[in-house]
Amino acid sequence: MSPLLKDFLNKRIVVITTEGQCVCATLEGFDNSTNLLISQVKNRVSGEKIASSYVLRGNQVVCCGLLEDSANPELDLASLGVAPLKDTRNYVPNEHVVWQHVWAKKQQQTLHTSSDTNT
Amino acid sequence: MSFFGFDTSLSGQNKGSNRDSRKKANNRKSKSPEAAMDFEDTYQGFGEHEGEEDDYLNDETFGNATELGADFDFGYGKGELEAVGQSSVSQPALNRSYASAATSTGSEMPMSGYHTGPAHIMDDGMDFTPMESLWTNQPRAMPPQQYQQQPEVQVLSMEELERQQQLQQQHPQHGYVGGVAPPPPVGYGYPPQAFMPQAGYQGMPQNMQQGMPQGLPQGLPQGMPQGLTQGMPQGLPRGMPMPMPVPMPMAGPPQRFSQASHAVQHQQPISAGQQSGQASFVAPGSSQSPELSQQSATSSTQLPTTKSPVMAAPGLFPQVSKPPQSVSSSRGQFVTEQDSRESTPRGARRGSMRKPQEPLSPEDLKRLQIRQAKVDKILRHSGVMTPRDKDFITRYQLSQIVTDDPYNEDFYFQVYKIIQRGGIVGESNKGLIARAYLEHSGHRLGGRYKRADVALQRMQSQVEKAVTVAKERPQKSRENLDSAKEGVLGKISSARNSKAPRRQLQIPLQKGDDEDVSSSAIEDVVQSMNGVDISSSSKTRRRSSYAFRSVDQRAVLSRSGGRKFVLSLIETVYAEVLELEAQLRSGKETDSTELWEALHIADDAYEVSPFISILSFDKGVKIMPRIFNFLNKDQKLKLLYCFFSELSHLNIIVTSSYKTNPNPSDSQLKKLELFQSVFLKIIVSFLSSSAEFLEVLGLLLALVKNNNVSFISTSKIGLNLITVLISRAALIKQDVSRGNVLSSMEASSWNEIYDKLFTALETKLAVVFPPDEYTAKVVTASSSGTVTSATAGQSQKHQFYDQSYIWQFLASLALSGKLNHQRVIIDEIREEIFGTISRAEQLLSSTPAEEQQIAMYQRDKLYQDLNLFLNVMGLVARDGEISELK
Amino acid sequence: MLFFSFFKTLVDQEVTVELKNDIELKGTLKSVDQFLNLKLDNISCSDESKYPHLLSVRNIFIRGSTVRYVYLDKNMVDTNLLQDAARREAMSSRK
């Protein structure tokens, strides 16, 4: 089993999810597919409490980093103007419009070439 | 693995043997968790029509091979026992009776204070002794001391039982089972089986009903099904255990609970009955009730306050969520849950709880606590998985990491590490493989381009060696030579100049000799190559290569089967080599037959041998050294014969010839470097290590006969290849240590072949020097790319085309030739000789002062190259002049 | 297993990992598992002003499935060896 997360057990971690959420929490447990059991879940930016414990599906985890003890930086970020994290899907809004465009262009080109050959 | 840890087969070890046969019969019909139920009593025949034999997944789901192990007892078996144990332990004075019990269970007895929850697994004597009190007919309210004494009445039978228990428990996989299974109700005539874990809730009421009418609420038995009485531990229907764990009656606040227990004590059957009968957690329930009753008996005296939190635990924390853990002590479970709620370390809590009640001495206490902590650690999650589960997971995990052959699964890592460590210490098989990569990737020597130099240097040293040996020779016949050479160089008086070198070369007598010899000599060579076995058909087929220049690589490819075919061929070759390397590593004999066939060297089906086309691709070139590791000498010779015969088709010759490719690109130059560093090196090392004189001659003959030599000599690679062959031949010829002089046959073959070569080159010797435009382009391309060997910081105009390979060629050509040959050579390239000298001299005068250093170096280099050639004839060029060597 | 094997050779090397949410993390590769989950040490985020979320994080676990690219130095890779490893993999899967 992946022991990579073992070092983080019972420590404060930062978790970034595929949705672009970023939370601080204590890692209580994990498994092979990175399902995480976390507690004392707080929003990383605002520090707002989210849940006292939470199970995060492995496929929602992007990364989790160990918070260093030195600073107690869990709340530092609220004041900074923090850009929201992107999700991992990179969804293109109205993608179909783009493809419509491409398709139309292609049609035009073929029209052109065919008309060229005709003339 | 069994589903949820259910074990359906209920091995006989925990049951009376009289049950076994019946159990088997039952098992056959229904392999459900309740398989051990008495079917005669309860079975209504519903299952008779199900063909469970066909349900081949049934075993997988429920398992039937497990022993009665970590069964799914929902806190009944051991938990119950432990809870009971705890209740008695909680009595302050209880230590005494344990002492007697300890005669069988050893010193751990006292350990099982009720704090030790799971530890009860270790010492069952403990567990059962208090248990016993439950089933005795002793009045409930008896004082603790009295209560403690009670087990002693049955000490003997108890001990026997306990020994059995211990035996069972020593079977590690069944630790807790052991703790659970063997209940002590012997005194009441009930076989231990009555306490089968599966039968947990069943067994308990049963016991209560029959064995403990006084001790436990009377109402209990009434709640139980009738069929579940004697000898039928598994009494409850299958569906019941799982949904039941909700200990609803227990969910109340402690007060209520104690009330309930009081009620129990006062024989209010309803609440008690509900607890033990309906709640699947009879363990807590039932164990609680005795505890409570005991407590109530004793509470007035010692422990009312300390007791209450303990009792609160089960009530507040329903155990619904943790049915499997119920295998471990119910007390432990409660504590765990409290822990999880309060986030306090269990040990600490234990310790704190222990103090007020522990009558032990401080040392003992400390020791116990330490031990307890250890046990807790070990048992924290005990029972969550069955040993089989653990085993399965362990094996699965291991299978992810470990393989029987890490080299196969982890090839890249393993070899990479060997290479990185640079430690090809010894000649282990692994080292051999790593070496194969090291050869041409050259990690340790700073990259592949230094490697190229190594290969070239080797060739150069071969030439130099031959030249040094040859230096001695001309000096012996100085008189003759002087006139000839110096005449050629125009330094001698015109009178001596009357000897025309050309005429000497064309002495008819000599020619006639040659012709005579030629047929026979070549025959000899060809015959000597017969081991190499070039079929005549392939020879004729390949004649054509003389005629055309394969400028278009696609044409060559198509004539050897097509690009796709060649590429797939390369992959086949790689596969074979990898296979062979794997065999080598595992110490098996290697058989190169398939590899040999994959190379298609003797394949006449194509106009150009596919092998030649393989060399058109970088990856085809790169694999060559590793191929050579596996071929025998015969095969290597054949391979090289094929190679030299079809040299004109070789892509690299075409791209490295200034005639066919006047504008070499950076990538082409890289290819050239690669070929030089890899393939040329193989040839050099093969020739110098294992080739016989005649074999070298045979290769040279193949080259001369089948190719347009003057075209080949316009390419750097081609020239290098010729140089390698003739310098090697010259070296063997001169080699004094060889003992035997060349046989006349060998000598005449050599003369014959050399003449052929020379004739092919004669009058075209000057073309080996590429034109200035070409060299300029090469210099530009290489200085912009990575191919250059120029020192960093050298300005571009000072970079120059390294002609050393040409001088090496000329040197070895002159070395092997006779005097007349040498004259011809000098005559033809006189321009170049003087051109080089004047260039060397100009370097100094034309460079600014700050770059004199570089200029000096370059000048020396030019002279050095030139002198390699001139030395052959006993001449030396320095300071713009050519003089005699010493 | 090939890439697992490959990434193991990169342990203790400096790599840059680009995630699918466009965050780039540079750090020393400390370990890798068979899912190609990565663990980096001493990370620095390429755009820390925009994404300060990982400012106080040095040691990070990255789920393999969310990695878009891993940028490597050229000389960390033995291409010949890698090609052969790929061939072996293909061979063994063919069998």
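Computed from a prediction, not measured in an experiment: that's the story for all the values here. Sequence lines set the chain letters: A, B, ... in the order given, protein chains first and strands last, and positions in each chain run from 1.
Under the salt bridge (charged side-chain N to carboxylate O under 4.0 Å, His left out) criterion, C:R87 pairs with B:E571, C:D84, not counting sequence neighbours. Every residue two or more places apart in sequence or in another chain that forms a ring pair (Phe, Tyr, Trp, His ring centres under 6.0 Å) with C:Y69 is listed here: C:Y71. Residues that satisfy the side chain to side chain donor-acceptor pair (under 3.5 Å) test with B:S665, not counting sequence neighbours, are B:S667, B:Q668.
Atom CZ of B:F413 sits about 13.5 Å away from atom CG of C:L2, to the nearest 0.5 Å. Taking CD of C:Q83 as the start and NZ of B:K622 as the end, the distance is 5.5 Å to the nearest 0.5 Å. How far CD of B:Q414 is from CG of C:L81: 11.0 Å, rounded to the nearest 0.5 Å.
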Which is it for B:D410 and C:F4 under the side chain to side chain contact (heavy atoms under 4.5 Å, CB included) test, yes or no, and what are the steps along the way? CA-CA 8 Å; B:D410 204 11; C:F4 180 40; 5.7 Å; no

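The number of heavy atoms from other shown groups lying within 6.0 Å of CZ (B:F565) is above 12. Other residues, nucleotides and ligands contribute only 12 or fewer heavy atoms inside 6.0 Å of the NZ atom of C:K26.
Nearest heavy atoms, B:Y412 versus C:M76: OH-O, 4.1 Å. Here the closest non-hydrogen pair linking C:V77 and B:Y416 is N-OH, 4.4 Å.
Contacts with chain B (heavy atom to heavy atom, under 4.5 Å) involve these residues of residues 6-22 of chain C, listed by number: C:F6, C:K8, C:T9.
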